[in-house]
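When reading the values below, keep in mind they use all heavy atoms of this one structure, side chains included, and skip hydrogens, waters and symmetry mates. This is a predicted model, so every value here is computed, not measured. Each residue takes its place number in the sequence, starting with 1.
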Amino acid sequence: QVQLVESGGGLVQAGGSLRLSCAASGSIFSINAMGWYRQAPGKERELVAGITSGGSTNYADSVKGRFTISRDNAKNTVYLQMNSLKPEDTAVYYCNANIRHSIWDPRYLEVWGQGTLVTVSS
């Protein structure tokens with residue numbers, strides 16, 4: 001069994017910064033893409049940023065230039081550095097990863113974290 005555990009959320013003033021972390025644990029053979037999604041009240045969950053195992057990244061237009069995604073493959077961890085935060089960034093942020101848990105099973109399974117709340121005050 002594999003799980004993702006997020007940390008780093010909280011309350012911050014507009015213009016401030018936060019760094020989210022997400023660590024994968026359990027039976028892990030390899031991890032493909034990892035990413036961060038967010039869901040604001042009354043809205044659908046949306047992709048914030050993604051990163052491949054090779055380090056290629058993509059970002060939602062709304063966070064380009066302000067957020068940076070990175071990963072430490074040795075630690076099975078993905079990070080989201082969020083700068084110049086705005087009230088509209090307020091949401092529950094979810095970590096996502098495509099994980100192969102065994103050398104004997106070629107499938108990559110999608111795993112979600114429990115979410116961490118980010119609140120940006122104006």
Side-chain angles (χ1 to χ4, degrees):
Q1 188 172 354
V2 176
Q3 64 175 353
L4 300 177
V5 178
E6 300 123 331
S7 61
L11 174 64
V12 64
Q13 289 187 334
S17 298
L18 282 175
R19 188 189 194 213
L20 305 183
S21 299
C22 171
S25 63
S27 178
I28 299 171
F29 177 71
S30 66
I31 302 178
N32 197 349
M34 304 183 81
W36 289 95
Y37 289 72
R38 68 185 180 187
Q39 187 166 18
K43 295 188 176 181
E44 293 187 352
R45 189 173 299 188
E46 63 174 358
L47 175 67
V48 176
I51 185 167
T52 68
S53 57
S56 297
T57 59
N58 71 296
Y59 297 91
D61 288 342
S62 59
V63 306
K64 283 181 181 176
R66 300 188 298 122
F67 291 10
T68 302
I69 189 170
S70 61
R71 63 191 284 173
D72 185 333
N73 291 329
K75 296 181 178 180
N76 292 329
T77 299
V78 62
Y79 306 96
L80 186 67
Q81 178 66 44
M82 305 185 293
N83 298 328
S84 302
L85 282 160
K86 304 175 181 180
E88 51 264 43
D89 294 318
T90 295
V92 177
Y93 284 70
Y94 296 91
C95 177
N96 173 276
N98 290 296
I99 298 175
R100 179 178 174 182
H101 77 94
S102 169
I103 190 173
W104 308 111
D105 186 345
R107 296 174 299 167
Y108 280 87
L109 303 179
E110 186 176 44
V111 182
W112 289 90
Q114 81 286 354
T116 185
L117 177 63
V118 171
T119 303
V120 184
S121 63
S122 58

* Verdict with reasoning, Y37 to R45, per side chain to side chain donor-acceptor pair (under 3.5 Å) -> CA-CA 6 Å; Y37 289 72; R45 189 173 299 188; over 6 Å; no
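- When all heavy atoms are compared, the tightest approach of E6 to G113 is OE2-CA, 3.4 Å.
- Distance check, rounded to the nearest 0.5 Å: CD1 of I69 to CD of Q81 gives 12.0 Å.
- Note on V111 and I28: same hydrophobic cluster, where clusters join Ile, Leu, Val, Met, Phe, Trp and Tyr whose side-chain heavy atoms are under 4.5 Å apart, directly or indirectly.
- Considering all non-hydrogen atoms of both residues, R71 and I31 come closest at NH2-O, 3.3 Å.
- Nearest heavy-atom pair across K75 and T77 is O-OG1, 2.9 Å.
- In this structure, the side chains of R38 and S62 come closer than 4.5 Å at one or more pairs of heavy atoms.
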* Worked check of side-chain contact (heavy atoms from CB on, under 4.5 Å) between E88 and T90 -> CA-CA 5 Å; E88 51 264 43; T90 295; over 6 Å; no
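- Under the ring-ring contact (aromatic ring centres under 6.0 Å, His included) criterion, Y94 pairs with no residue, sequence neighbours left out.
- When all heavy atoms of P87 and A14 are compared, the closest pair comes out as CD-CB, 4.1 Å.
- The distance from the CG atom of N76 to the CD1 atom of I99 is 7.5 Å, given to the nearest 0.5 Å.
- In plain terms, the two heavy atoms of V2 and H101 that are nearest each other are CG2-CB, 4.3 Å.
- At a threshold of 4.5 Å between side-chain heavy atoms, the hydrophobic network of Ile, Leu, Val, Met, Phe, Trp and Tyr places L80 and V12 in one connected group.
- With ring centers used as reference points, F67 lies 6.0 Å or more from W36.
- Of the possible donor and acceptor atoms, one in the side chain of R100 sits under 3.5 Å from a partner among the backbone N and O of S102.
- By the criterion of side-chain heavy atoms lying less than 4.5 angstrom apart, applied directly or through intervening Ile, Leu, Val, Met, Phe, Trp or Tyr residues, M82 is not grouped with L11; the two fall into different hydrophobic clusters.
- Residues passing the salt bridge (charged side-chain N to carboxylate O under 4.0 Å, His left out) test with R66 are D89, sequence neighbours excluded.
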* Asked: For N96 and E110, what are the C-alpha separation, side-chain angles and deciding distance, and is it a side-chain contact (heavy atoms from CB on, under 4.5 Å)?
  -> CA-CA 7 Å; N96 173 276; E110 186 176 44; 3.0 Å; yes
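- By the rule that hydrophobic residues join a cluster once side-chain heavy atoms approach within less than 4.5 Å of another member, M34 and V63 end up as members of one cluster.
- Considering only residues two or more places apart in sequence or on other chains, D105 meets the salt bridge (charged side-chain N to carboxylate O under 4.0 Å, His left out) condition with R107.
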* Derivation of the side-chain contact (heavy atoms from CB on, under 4.5 Å) call for T68 and Y59 -> CA-CA 8 Å; T68 302; Y59 297 91; 3.9 Å; yes
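- Side-chain heavy atoms closer than 4.5 Å link hydrophobic residues (I, L, V, M, F, W, Y) into clusters, and following such links, possibly through other members, connects L4 to I51.
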* Give the intermediate values and the outcome of side chain to side chain donor-acceptor pair (under 3.5 Å) for residues N83 and S17. => CA-CA 4 Å; N83 298 328; S17 298; 2.9 Å; yes
* Run the numbers on L85 and L18 for side-chain contact (heavy atoms from CB on, under 4.5 Å), then give the verdict. => CA-CA 8 Å; L85 282 160; L18 282 175; 4.2 Å; yes
